[in-house]
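Data block below; observations after.
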Amino acid sequence: MKKLVVLDFGGQYAHLIATRIRHMGVYSEIHFPSSDPSSIADLGGVIFSGGPSSVYADDRPEFNAKWLDVPVPVLGLCYGHQTIAQESGGSVKRGLTHEFGAADLDHDGTSPLFKDIPSPTRVWMSHGDEVETLPAGFSVMGTTRDCRNAAVQNLDKKRFGVQFHPEVTHSVHGEKMFSNFLDICGFARDWNMGDYAEQLMEKVRKQAAGQKVFLLVSGGVDSTVAFELLNKALGPDRVLGLHIDNGLMRESESAGVMDFMKAQGFDNLRIADASDLFLSRLDGVWEPEKKRKIIGDTFLDVQAEETARLGLNPDEWLLAQGTIYPDTIESGGTAHAATIKTHHNRVPAILKLIEAGRVMEPLAELYKDEVRALGEQLGIPHDLVWRHPFPGPGLGVRLLCQTAPYPSVSDDDLSQAREVARKHSYAVSALPVRSVGVQGDGRTYAQPAVLQGPGDWKSLEAAATELTNRVRAFNRVVYQLGGGLEFTAHDAWTTRDRLELLRKLDDAVTQWLRENNHYQAVWQMPVVLLPVHCDGKEVVVLRPVISREAMTASFWEAPMNQLPGLTQRLLSLGAGAVLWDITHKPPGTIEWE
Ligand code: XMP
């Protein structure tokens, strides 16, 4: 089957392209720009992604110029467009202004790339550099007010380049442009998830060749799908699953999976209770990145201990992980993306194993919705596949810890925040705690602001956006639903008591979602316990989001009239105050750390 190759020049959204193409019925794979096209079979077309570098920067991604001579159509986006121009004899210059946001593209309708697309059409721009002179054989086929060479082509050679980003939904006809490009390539569009499951199994069989595979099964959707896939591809005799109880699981999170696996007839899944070890190592640690590393390393230690106990020879057993694509991008795992947070399956010990070729990650190119489609394809029940995603480090990253000195914001920041809040008729204060955020492709670690007073979602959203944009001290905003009004920071660690409380609150929230038929509407709803007291009891944050790939997310607007009931329930279970996170991603991440 012919495939489309996406060359990944870095940047957070590069892989959206591959997923969009697969949704259109064409199999697509991601490769490095330094790779050799002659090593890729059945090439039907190529897309050069965008990327954060400059084509004349020293640290730009290494590019194999053979990609310009492939005998199939090529489409370059943003940095990819500039690469085609520069490498084929044109030139790129530093733009005077950075163009960012919506623009109107004018075109004359003659290019096959713009077939059935009106002119002008709204496109999404995000660039500093631009193509100045075109290579021989190229002509301009689209311009915007600020960008002359916004769309160019060499029809004879079937080479196309656009300065904008068709892969983001803000480019109104972006999907149609991709579809036109697939037609230019002549793809049949007969690929589907069933084929993909087969291809993945074939890949697994090849990679495992003669060896056995050991997989940590967390109980979440990804590792459940990975375990099922490995069992189907290699047979249960060559697969061993280990569920490590780290003491950081949510109520009944894993029981459902264990029951399902048993019902499937897989008796190759073992359980190890290591909660004492995890909690003792987390004792006295508050830094989010340190906690993640400890949890990741401890998983490996327990796994090594178990493999030794079971007498598994490490030379015969590969380690499999249910890593999915966003896990690798946000850990800075693709060549040129910045580290936002280190996911547990990218800690140094794992990276070493990956280098040694001892790790298999069959889901590493998939986004969550593709993993779910694959899970259904493999016959995993709908309810299991559609459970909310749960992070590998579990409640460990939802139980915030800290020790003095506690964070505080300056009087200046606070008075600026008050000015913004007043405009929208709210009171505001600063929460004495920090959380992780993501802004401009980089990580932030700052305080949340709390809005108080009667409210509606529209003005809350406006106030939250204005606060995070204008006051640098805040990377997140929450709205208070109930409880005490005075927030005091205190020392807090990962303890069984706090975990127990968080587990109860989290379970009550899940039940509330199900009772009110919201479970499907919400993508994920982390419940976070803070090292902050109100009336002597810890404060809980609810973080419901709507998302498709977890790379971006919007906070979820529940029916306001249902919130008092939920709030009362959480206060009666022992929360000192209940806060609703009203930050989009970016600038907030979904999890608080
Ligand atoms: P953030 O907080 O980065 O989360 O916006 C994006 C998605 O990833 C999940 N997440 C993790 N999953 N290991 C995981 O397996 C991790 O260390 C981890 N950190 C975040 C998060 O729950 C959300 O779905």
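Whatever order the structure lists them in is the order used to number ligands and atoms, beginning at 1.
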Any donor and acceptor pair, going by atom type alone, linking the side chain of Glu228 with main-chain N or O of Val225 inside 3.5 Å?
-> no

If you measure from each heavy atom of Phe390 to ligand 1, is any distance below 4.0 Å?
-> no

Tell me whether the guanidinium CZ or amine NZ of Arg543 lies under 6.0 angstrom from the six-membered ring centre of Phe555 and within 45° of its axis.
-> no

Ligand 1 atoms nearer than 4.0 angstrom to some heavy atom of Gly392 are 12 (N), 13 (N), 14 (C), 15 (O)

For Trp523 and ligand 1, does the shortest N/O to N/O distance drop below 3.5 Å?
-> no

Between Arg20 and Phe178, is NZ or CZ placed under 6.0 angstrom from the six-membered ring centre and within 45° of the ring axis?
-> no

Looking at Gln524, Lys585, Gln321, Arg292, the heavy atom closest to atom 19 (N) of ligand 1 belongs to Arg292

Which of the atoms of ligand 1 are close to Pro393, meaning less than 4.0 Å from one of its heavy atoms?
-> 13 (N), 16 (C), 17 (O)

Considering non-hydrogen atoms only, spot the tightest contact between Gln524 and Arg398 and give its length.
-> NE2-NH2, 3.5 Å

Establish, yes or no, whether a centroid distance under 6.0 Å links the rings of Tyr406 and His490.
-> no

Pro389 N/O to ligand 1 N/O under 3.5 Å = no

